[in-house]
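A quick write-up on the structure given underneath.
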Amino acid sequence: MDLILRTHYSGDINPEMAGSEILLAGWAHEIRDLGGICFLVLRDRKGLAQVTLVKKIVDTEMFKKVRSISRESVVQVRGEIKSESKAPHGFEILPKEINVLDMAKVPLPLDPTEKVECELDTRLDSRFMDIRRPSVLSIFEIVSSVLHAIRDFFYSQNITEVFTPKIVAAATEGGTDLFPISYFEKEAFLNQSPQLYKQMLMAAGMDRVFEIGPIFRAEEHDTRKHLNEAISIDIEVSFADENDVMAMLENAIASAYKHVKENCQRQLEILNLDLVVPNIPFKKITYTEAIELAKNDKSVPIQWGDDLDTETEKFLGGIIGEHYFLTEWPSSIKPYYTLQYEDRPKICRGFDLMHPRMELASGAQRVHDLQMLTQRIKDKGLEPESFEFYLDAFKYGMPPHSGWGLGLSRLVMTMLDLENIRDAVIFPRDRRRLVP
RNA sequence: GUCCGGAUGGUGUAGUGGCCUAUCAUGAAAGCCUGUCGAGCUUUCGACCCGGGUCCGAAUCCCGGUCCGGGCGCCA
């Protein structure tokens, strides 16, 4: 679609286009006034373009106007491309017309040219300005590319995209860590996972579904890898076991890396990253093996049946050094809907996908037998009555099924080696931040 | 939640009892400059989180608060 205010982006221009007249629109990234010559660097989402004004040649009014433009003002430039070895990227724009569409106030809340460092908190307070910084914009363009790749992968596997409700009734999964909201005359909650709804769609015969959407967790955690609102990439597949969906998961991850490497070269360059596509299949390590490994190292002993603490996660990540699956977890620390091994009920067919830095996804072969599921709910100290809408779906023919949920921002964070998950979310929601 | 650390111009920082009329960079304002590309040069502007206390004297020490960062916990 052609837009009236722009014919090209900065990044689309090359010296071979010399002589053609174009229309650029963007922000005044920098204005360098050397006296007899003045450079206006225009920035748009694809890069920078130098607009060169020679005092003797251009209109006096235009020269004066450019010198008075404040940084980050929105400008539109009509001009001719000139091949010029002295200019960045070998070209410059000789302007015929410059319009200031909106003048930016001074001072700026942070420096979009990235010359001066800025703390994350300051950046998040002025996120709109922060995203003008090319490296920050690159991250979010890569997030989009990851989603594109994963959606493509799902569609190639004939998986149907669905949406499930984010506003749910009380006590669906215990209730302690859900955000309560007011819903007309009723109390409601923000859903912490599409889990139960995905499973109900297996009973509906949708066969394989995926959902990419927000999840909400009311835990008061305060770390660099947790948020209270996150985007979860979830799938559920009928007539599949945990190994089938683990294969889908590693393929989804690998295709995301590949797609980013092939389609986001400019962004990766800005971020100074040499992306390495992980090899699949990923290693599989059982929980029991992991505990044995950790026992050799740990100062504080870890016991079979404990959930893995941060120290153990880091230790395992350090010795394994790449993505891996943790399988065969104790049934006691996995949710009620995780299927136990028939011959060894102490362990179950749940798995976690780990990156050396942190957990990225978890999934399982699900319980599809109503009686067993009801018992498991009771065993976990929960009330089957609260799950009636869910359990009903298991009464009239539920196929065996498996699935997983993957944290989008954690995937991006580990892919791009970001220090804080907030760097991978445009407007993050954490224990303290509700604005912007 | 808990432990540790921190809060200084718009932004990022130096300064741990008097040498602070507070450092440096960036920025902003004015001026010089025809090839900058983190341009350069000259002049100027702009800050000690809030409240209480100790002291002749507090950005600096103490107490309380607020906010921020890091570790851990929590994360069916």
Side-chain angles (χ1 to χ4, degrees), chain A residues 29-41 43 47-58 63 67-68 70-72 82 84-92 104-126 129-130 133 171-178 191-193 195-196 215-228 230 300 307-314 329 331-338 348 350 352 358-359 362 364 376-377 379-382 386-387 405 407 410 419-422 430-433:
Chain A
H29 190 66
E30 283 179 297
I31 295 137
R32 275 191 287 273
D33 177 10
L34 277 70
I37 189 167
C38 182
F39 302 102
L40 163 65
V41 180
R43 185 193 67 247
L48 303 172
Q50 175 172 289
V51 180
T52 303
L53 295 94
V54 179
K55 195 175 188 175
K56 281 183 184 165
I57 299 170
V58 300
F63 196 82
R67 294 186 357 154
S68 73
S70 59
R71 293 162 75 219
E72 295 303 311
K82 183 190 166 201
E84 174 56 71
S85 58
K86 282 180 279 187
H89 310 295
F91 73 87
E92 63 190 11
K105 288 197 167 48
V106 291
L108 301 170
L110 52 83
D111 170 29
T113 65
E114 308 192 72
K115 279 182 260 182
V116 181
E117 284 304 305
C118 193
E119 287 191 1
L120 182 60
D121 199 50
T122 307
R123 292 171 46 209
L124 292 176
D125 282 340
S126 301
M129 183 71 67
D130 183 45
R133 310 199 315 160
T172 36
E173 300 177 41
T176 52
D177 42 16
L178 299 179
N191 210 176
Q192 65 174 175
S193 159
Q195 182 59 32
L196 306 187
I215 56 170
F216 304 91
R217 310 240 160 143
E219 280 100 28
E220 299 199 2
H221 34 221
D222 195 5
T223 76
R224 291 188 290 177
K225 59 183 183 182
H226 292 277
L227 289 174
N228 295 293
V300 183
D307 206 345
L308 301 188
D309 56 22
T310 309
E311 189 191 337
T312 307
E313 266 188 18
K314 281 183 184 160
W329 285 74
S331 307
S332 57
I333 52 176
K334 282 289 175 189
Y336 57 83
Y337 49 73
T338 311
C348 67
D352 279 5
M358 70 189 83
E359 178 189 333
S362 66
R376 289 277 282 147
I377 288 171
D379 290 348
K380 292 277 177 186
L382 300 167
S386 317
F387 298 86
R410 286 190 175 192
E419 291 198 347
N420 196 313
I421 197 161
R422 292 159 184 80
D430 62 30
R431 178 72 186 84
R432 300 187 178 89
R433 185 173 286 278

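Quick note: numbers below take in every heavy atom, side chains included, and nothing from hydrogens, waters or symmetry partners. In what follows, chains carry the letters A, B, and so on, assigned in the order in which the sequence lines appear, proteins first and then strands, with residues in each chain numbered from 1. Keep in mind that this is a model prediction, so the values were computed, not measured.
- In this entry the distance linking CZ of Arg123(A) with P of U11(B) reads 15 Å, nearest Å.
- Closest to the side chain of Leu34(A), from the set A39(B), G10(B), C75(B), is A39(B).
- Asn420(A) has no side-chain polar atom (N or O) that falls below the 4.0 Å cut-off from OP1 or OP2 of G69(B).
- With hydrogens and angles ignored, no donor-acceptor pair closer than 3.5 Å exists between the side chain of Glu114(A) and the base of G38(B).
- For G71(B), one of the phosphate oxygens OP1 or OP2 lies less than 4.0 angstrom from a side-chain nitrogen or oxygen of Arg224(A).
- The Val116(A) side chain lies nearest to A25(B) when the options are U34(B), U36(B), A25(B).
- The partner of G1(B), taking Watson-Crick or G-U wobble pairs whose two distances both stay under 3.5 Å, is C72(B).
- At the heavy-atom level, Asp307(A) lies nowhere under 4.0 Å from the strands shown.
- For Arg432(A), the listed nucleotide lying nearest its side chain is G69(B); candidates were G10(B), G1(B), G69(B).
- Put simply, the side chain of Tyr337(A) and the base of A76(B) share a donor and an acceptor less than 3.5 Å apart.
- Each of U11(B), G35(B), A39(B) was ranked by its minimum atom distance to the side chain of Thr122(A); first place goes to U11(B).
- Considering only side-chain atoms of Lys314(A), the nucleotide from U34(B), G71(B), G73(B) that sits closest is G71(B).
- Residue Pro109(A) is classed as a sugar-phosphate contact, given heavy-atom separations below 4.0 Å to backbone atoms only.
- Note on Lys56(A): a base of the nucleic acid sits closer than 4.0 angstrom, heavy atoms only.
- Aromatic pair Tyr336(A)/Phe387(A): centroids less than 6.0 angstrom apart.
- RNA chain B is contacted by both Lys86(A) and Arg410(A); Lys86(A) maps to the nucleotide lying nearer its 5′ end (nearest heavy atom per residue).
- Between His221(A) and His226(A), the ring-plane angle classifies as parallel under the 30° and 60° cut-offs.
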